[in-house]
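Let me begin by presenting the structure, written as C-alpha cells, before commenting on it.
These numbers come from a predicted model, not from an experiment.
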Amino acid sequence: QVQLVESGGGSVQAGGSLRVSCAASGFTSSRYCMGWFRQAPGKEREGVAAIYTGRGSTYYADSVKGRFTISQDNAKNTLYLQMNSLKPDDTAMYYCAAVREPLGYSGSWCYTNRREYNYWGQGTQVTVSS
C-alpha cells in the first residue's frame, strides 16, 4: 500500500525559500504521476506542480513557474518541492499525491489529470508573511 508523508513546511517571510518533502513507501512500479497540491483557507485545492516519474517530465502551474521546482530522489523514494521567492499568496496546506501507472507519460498529463490521483499525504503547512 502506498503511503505518502510530507514534511518541511513552516513559516517564512516573503522572498524567502522553503523545501517540502514527501517520503513515499509501497511503490511497486517505476511509473507514477506525483504531484504537489495546495489549499488555502476558503479556497479550492489547486495543482502546483507534477512529475511523471518514468521520464522525470515536469509541469508547473503558471503562478509558480520559475519560482518552484519539483524533483524526485529515486534512491530515497522522496519527492521534493523547492520553493523560492515565496509570496504571501503561496500560504496554504501543501499536499503530496500519487497515481500508479497513469494513462499518460508526461508531466503535463500528470498535472492536467488531477482527478486520477488516488494516494494522498496528510499535508504540511506553509505560511508566508509579508
Side-chain touch [X]/[Y], heavy atoms, less than 4.5 angstrom:
X     : Y      : answer
Val20 : Val126 : yes
Trp36 : Met83  : no
Arg31 : Pro102 : yes

Side chain to side chain donor-acceptor pair (under 3.5 Å) pairs touching residues 94-104, sequence neighbours excluded, are Thr28-Arg100, Ser29-Glu101, Arg38-Tyr94
Contacts satisfying disulfide bond (SG atoms under 2.5 Å apart) that involve residues 7-69 (not counting sequence neighbours) are Cys22-Cys96, Cys33-Cys110
Walk me through whether Val48 and Phe68 qualify under side-chain contact (heavy atoms from CB on, under 4.5 Å). CA-CA 9 Å; Val48 176; Phe68 291 11; 3.6 Å; yes
Give me the other members of the hydrophobic cluster that [X] sits in, counting Ile, Leu, Val, Met, Phe, Trp and Tyr linked by side-chain heavy atoms under 4.5 Å, directly or via other members.
X      : result
Tyr105 : Tyr52
Tyr111 : Tyr59
Trp109 : Leu103
Val5   : none

Rounded to the nearest 0.5 Å, what separation is found between the [atom1] atom of [X] and the [atom2] atom of [Y]?
X     : Y      : atom1 : atom2 : result
Ser63 : Glu46  : OG    : CD    : 5.5 Å
Phe27 : Tyr119 : CZ    : OH    : 9.0 Å
Lys87 : Arg67  : NZ    : CZ    : 4.5 Å

Take the angle between the ring planes of Phe37 and Trp120 and call it parallel below 30°, perpendicular above 60°, tilted in between. tilted
Which residues pass the side-chain contact (heavy atoms from CB on, under 4.5 Å) test with Thr53, not counting sequence neighbours? Tyr32, Met34, Gln72
Applying side-chain contact (heavy atoms from CB on, under 4.5 Å) to Ser11 and not counting sequence neighbours gives Thr127
Show your reasoning for whether side-chain contact (heavy atoms from CB on, under 4.5 Å) applies to Gln122 and Leu4. CA-CA 8 Å; Gln122 83 289 350; Leu4 304 172; over 6 Å; no
According to side chain to side chain donor-acceptor pair (under 3.5 Å), who are the partners of [X], at least two apart in sequence or on a separate chain?
X      : answer
Asp62  : Lys65
Arg19  : none
Ser108 : Ser106

Any chance you could lay out the side-chain contact (heavy atoms from CB on, under 4.5 Å) test for Leu86 and Leu18, step after step, and finish with the verdict? CA-CA 8 Å; Leu86 282 161; Leu18 276 176; 4.1 Å; yes
Which heavy atom of [X] sits nearest a heavy atom of [Y], and at what distance?
X      : Y      : answer
Ala50  : Tyr117 : CB-OH, 3.8 Å
Ser130 : Pro88  : CB-CG, 3.9 Å
Ile70  : Thr58  : CG2-CG2, 3.6 Å

Report all side-chain donor-acceptor pairs from residues 75-82 shorter than 3.5 Å, counting only partners two or more places apart or in another chain.
residue	atom	partner	partner atom	Å
Thr78	OG1	Lys76	O	2.9
Gln82	NE2	Asn84	OD1	2.9

